[in-house]
**Q** 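Shown below is the structure under consideration.
No hydrogens, no waters, no symmetry mates; every other heavy atom, side chains included, goes into these values. Proteins get letters first, then strands, A, B, ... in listed order; numbering begins at 1 in each.
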2 protein chains.
Amino acid sequence: MTNTTMKDVAEKAGVSTATVSRVINRADNVNPELRKKVMRVIEELDYKPNQLARSLKSSETNTIAFISSDMSNPFFIRIAKKVEEAVRKNNYTIVIGSTEDKPEIELEYLKLLYEKRVDGIVISSTGENEDYLKDLSKKIPVICVDRRPQKNNLNSVCVDKEKATYEAVNFLTERKHQKIALVTGAKKIITNYDRYVGYTKGIYDNNVALNSDYIKFGQFSFEFGKNSLLELLALKEKPTAVIAGNSFIAAGILLVAREKNINIPDDLSLISFGNISNSQLITPSLTYIDEKVDEIGEKASNLLLSNLNNKKSEIKHIKIKTKINKGNSAAVLE
Amino acid sequence: MTNTTMKDVAEKAGVSTATVSRVINRADNVNPELRKKVMRVIEELDYKPNQLARSLKSSETNTIAFISSDMSNPFFIRIAKKVEEAVRKNNYTIVIGSTEDKPEIELEYLKLLYEKRVDGIVISSTGENEDYLKDLSKKIPVICVDRRPQKNNLNSVCVDKEKATYEAVNFLTERKHQKIALVTGAKKIITNYDRYVGYTKGIYDNNVALNSDYIKFGQFSFEFGKNSLLELLALKEKPTAVIAGNSFIAAGILLVAREKNINIPDDLSLISFGNISNSQLITPSLTYIDEKVDEIGEKASNLLLSNLNNKKSEIKHIKIKTKINKGNSAAVLE
DNA sequence: CTGTTAGCGCTTTCAT
DNA sequence: ATGAAAGCGCTAACAG
């Protein structure tokens, strides 16, 4: 049960493998007669070219990789889906990897993928393998999505989280809030640093007192959202508004609020990065920062494809503009 | 900027490529001195073996594929995630593809993946390329998940949708329901046939009148759930209960019910295949058929891995047992 | 227009 | 224990 090779086809058709190769690759310089004959034999033998061999010659695998912390996170999967669609049209195949935000796993993946000679990488990185990524980017296109590169100059398509958070703070202060909390993911993730900076700038510019109890770094999870709100509610000076770093956290906050009979938005205002799933069925509707996920995916695909075709493209940094989508979870403070 | 090859290493270390290869592959029969030397050169040159070349020799790519209709569907992505985790530990990489349930796209993917010589395939198939899949399965392991193979004998890990639907009907008739609707995905998808059969058997065995208006085939989508309920509500004899083929459909039904002031479960009972996202935040909590998604993923991974190691494994059909998880969306009819 | 040949980077007999 | 050489399946000069 061994695979049919080009040689088999060549022999049966009474031609050389070069001719078969020409037929396969639609080279024009081959006799119509022969071509037909070869085609027929290919049919008969159900011959399928071995892309491995092709790739070895061309050093192109027509494969790209998408690495994120967790491919089951709707945020990442939506980006990945866009990338998949775009590259599929260009005959690429996409391999995915989840790192659980562990730098070791990320590095392992990167090495493996490089050894497998993927043609390009789209990554939302832990940020701890940036030097390696930079090296990689000398060989193949590397596109950072969502999480911007820190030290190194790498292609990126990211939301300006700093600005978005800053605007969220403004949005809340305009509505008379002074006690504003920020609940977000791990401190070491660059986007959380950006949120932090945007937050503190907003606090400063609005002449609000900075209260470190209101800033919570943890995980982008439902559980962390729940626990954080519990902690915030235990403070003497409870916040009147919370900015949630992602929709999982927002969901946790919504749940605890409901359990504790805290009315949102009357007792507590909430703004989230991104909307939650099944939001149509959940009250209140969230006031959220629209991160334009599909746009991230599209821009990233375009950047990737142009880099794939064009070895010498310049490095680009694309910033996606966010927009606050008004729901009913943030109100004017009485 | 060409890649360092084994030859470079060999030359710099003053040995043959054979020796380098032996060092890389931890062959024992190599002089410790030489080994050290080679290792050092590998470090210095930052040499990375080209897996493409390796694969060409070994005809193993250490890559498996996961094909489903839509990788952004939480149901499939959860299975895929499990598979990813399992195979990663065995040094496999996973490529994914979404077919949108279009047989052409599916076939295109299958051909491409075969040409790329993936080592195995996990697929939730449209069902229309089964002969091709059967052929494929002679070369590499093929595992069908969720959607069982129809004509051909292929490995499978599936939920018994027929039985699950039958039990859902029983569950409802026990609660005095006689007018039970079934709203599910496309007719041509085998799982919907199974649901249909389970439904009709349940209707028959419970001596309930079969009403074809109560059976709706369409898409596994929110929209279809909404539209279906609207249609059902327009009937003279409105159903008192609905079985939703998946959670997207259930969500659509919940929304329309809410908009139309239909109380679930008082005015209408609802049972769904699978729970909806953020269910903790949604009232009523669903009574749903737990499809044991993680178990599907685990069993599929195990089956795949054992087939990967063991070329001559027998074909297996694994049935996952479902369980009705009681929430508050299905009540006794007054 | 077609075939011969070398070679992509690696592994693996087979000698030595 | 090590190296020479063949070959995995394909492509691309280069001849003819």
Side-chain angles (χ1 to χ4, degrees), chain A residues 1-39 41-42 45-63 91 112 114-119 139-140, chain B residues 1-39 41-42 45-63 111-112 114-119 139-140:
Chain A
M1 178 100 342
T2 172
N3 292 312
T4 335
T5 75
M6 194 170 248
K7 205 173 150 203
D8 303 327
V9 176
E11 276 168 12
K12 186 152 182 193
V15 297
S16 75
T17 58
T19 301
V20 178
S21 174
R22 286 185 190 109
V23 170
I24 301 261
N25 297 295
R26 322 189 158 286
D28 27 290
N29 46 347
V30 49
N31 186 309
E33 295 290 302
L34 262 194
R35 152 159 286 151
K36 247 181 218 163
K37 192 170 180 185
V38 171
M39 296 278 258
V41 176
I42 288 181
L45 265 44
D46 191 32
Y47 164 70
K48 298 280 191 308
N50 184 330
Q51 298 295 345
L52 236 36
R54 277 187 160 174
S55 295
L56 183 57
K57 279 243 65 166
S58 67
S59 54
E60 280 177 9
T61 53
N62 269 256
T63 301
N91 259 298
L112 185 59
Y114 174 63
E115 291 179 1
K116 288 195 175 182
R117 298 293 190 270
V118 296
D119 295 334
K139 315 247 189 192
I140 55 175
Chain B
M1 179 103 341
T2 175
N3 290 312
T4 332
T5 76
M6 194 169 248
K7 204 173 150 205
D8 302 328
V9 176
E11 276 169 11
K12 185 151 181 191
V15 299
S16 75
T17 58
T19 302
V20 178
S21 173
R22 287 186 189 108
V23 170
I24 302 262
N25 297 293
R26 323 189 158 286
D28 27 291
N29 47 347
V30 49
N31 186 309
E33 295 290 302
L34 262 196
R35 153 159 286 152
K36 247 182 218 162
K37 192 170 177 184
V38 171
M39 295 279 257
V41 176
I42 288 180
L45 265 43
D46 190 33
Y47 165 70
K48 299 278 191 310
N50 183 330
Q51 298 294 346
L52 237 36
R54 276 189 162 174
S55 295
L56 184 56
K57 280 245 68 165
S58 67
S59 53
E60 279 177 9
T61 53
N62 269 257
T63 301
K111 284 186 176 161
L112 184 59
Y114 173 64
E115 291 179 0
K116 289 194 175 182
R117 298 293 189 268
V118 296
D119 295 334
K139 316 249 188 189
I140 56 174

**Q** Applying salt bridge (Lys or Arg N to Asp or Glu O under 4.0 Å), can you list everything that pairs with A:Lys7, at least two apart in sequence or on another chain?
**A**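 Once residues adjacent in sequence are excluded, A:Lys7 has no partner under the salt bridge (Lys or Arg N to Asp or Glu O under 4.0 Å) criterion.
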**Q** Kindly compute the distance separating OG (A:Ser55) from CG (B:Leu56), expressed to the nearest 0.5 Å.
**A**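 Between A:Ser55 OG and B:Leu56 CG, I get 10.0 Å after rounding to 0.5 Å.
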**Q** Evaluate A:Ile140 against A:Val118 for side-chain contact (heavy atoms from CB on, under 4.5 Å), listing each step before the verdict.
**A** CA-CA 8 Å; A:Ile140 55 175; A:Val118 296; 4.0 Å; yes
**Q** So, B:Lys139 and A:Asn3: side-chain donor and acceptor under 3.5 Å apart, yes or no?
**A**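 Distance-only check passes for B:Lys139 and A:Asn3.
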**Q** B:Leu52 has an atom CG; how far is it from atom P of D:dC8, in whole Å?
**A**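 In whole Å, D:dC8 P lies 17 Å from B:Leu52 CG.
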**Q** Measure CD/B:Gln51 against P/C:dC8 and give the value in whole Å, please.
**A**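 B:Gln51 atom CD is separated from C:dC8 atom P by 18 Å.
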**Q** Output yes when at least one side-chain N/O atom of A:Asn31 is less than 4.0 Å from OP1 or OP2 of C:dT2, else no.
**A**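 Yes, such a contact exists.
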**Q** Measure the spacing between CG of B:Asp119 and OG of B:Ser58 and express it to the nearest 0.5 Å.
**A**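 Atom-to-atom, B:Asp119:CG and B:Ser58:OG are 8.0 Å apart.
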**Q** Quickly work out the B:Leu56 CG to C:dG7 P distance and round it to whole Å.
**A**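 Result: 17 Å.
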**Q** Grab the CZ-P distance between A:Arg117 and C:dG9 for me, whole Å please.
**A**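 Between P of C:dG9 and CZ of A:Arg117: 8 Å.
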**Q** Give one of base, sugar-phosphate or nothing for A:Leu34, where a contact means two heavy atoms less than 4.0 Å apart.
**A**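 The answer is sugar-phosphate, as A:Leu34 gets under 4.0 Å only of primed atoms, P, OP1 or OP2.
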**Q** Would you kindly give the CD1-to-C1' distance between A:Ile42 and D:dG9, to the nearest whole Å?
**A**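 Computing the A:Ile42:CD1 to D:dG9:C1' distance gives 14 Å.
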**Q** Counting just side-chain N and O atoms, does B:Thr19 come under 4.0 Å of either OP1 or OP2 of D:dG3?
**A**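 Yes, within the criterion.
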**Q** What does nucleotides 11-16 of chain D look like as a protein-contact string, B for base, S for sugar-phosphate only, - for none, at under 4.0 angstrom between heavy atoms?
**A** BBB---
**Q** Ignoring hydrogens and geometry beyond distance, is a side-chain donor-acceptor pair present between A:Thr63 and A:Lys116 at under 3.5 Å?
**A**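 Checked: A:Thr63/A:Lys116 side chains show no N/O donor-acceptor pair below 3.5 Å.
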**Q** For B:Lys36 and D:dA1, give me the distance from atom NZ to atom P, rounded to whole Å.
**A**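 Atom-to-atom, B:Lys36 to D:dA1, this comes out as 16 Å.
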**Q** Check the distance between D:dC10's P and A:Asn50's CG and give it to me in whole angstrom.
**A**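 So the CG-P distance, A:Asn50 to D:dC10, works out to 6 Å.
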**Q** Identify, with sequence neighbours excluded, every residue that meets salt bridge (Lys or Arg N to Asp or Glu O under 4.0 Å) alongside B:Lys12.
**A**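 With neighbours one apart ignored, the set is B:Glu44.
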**Q** Are any of B:Thr5's side-chain N or O atoms less than 4.0 Å away from OP1 or OP2 of C:dG9?
**A**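 For C:dG9, OP1/OP2 do not have a side-chain N/O of B:Thr5 under 4.0 Å.
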**Q** Expressed as a whole number of angstroms, how long is the span from B:Glu11:CD to D:dT2:P?
**A**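 Rounding to the nearest Å, CD of B:Glu11 and P of D:dT2 are 19 Å apart.
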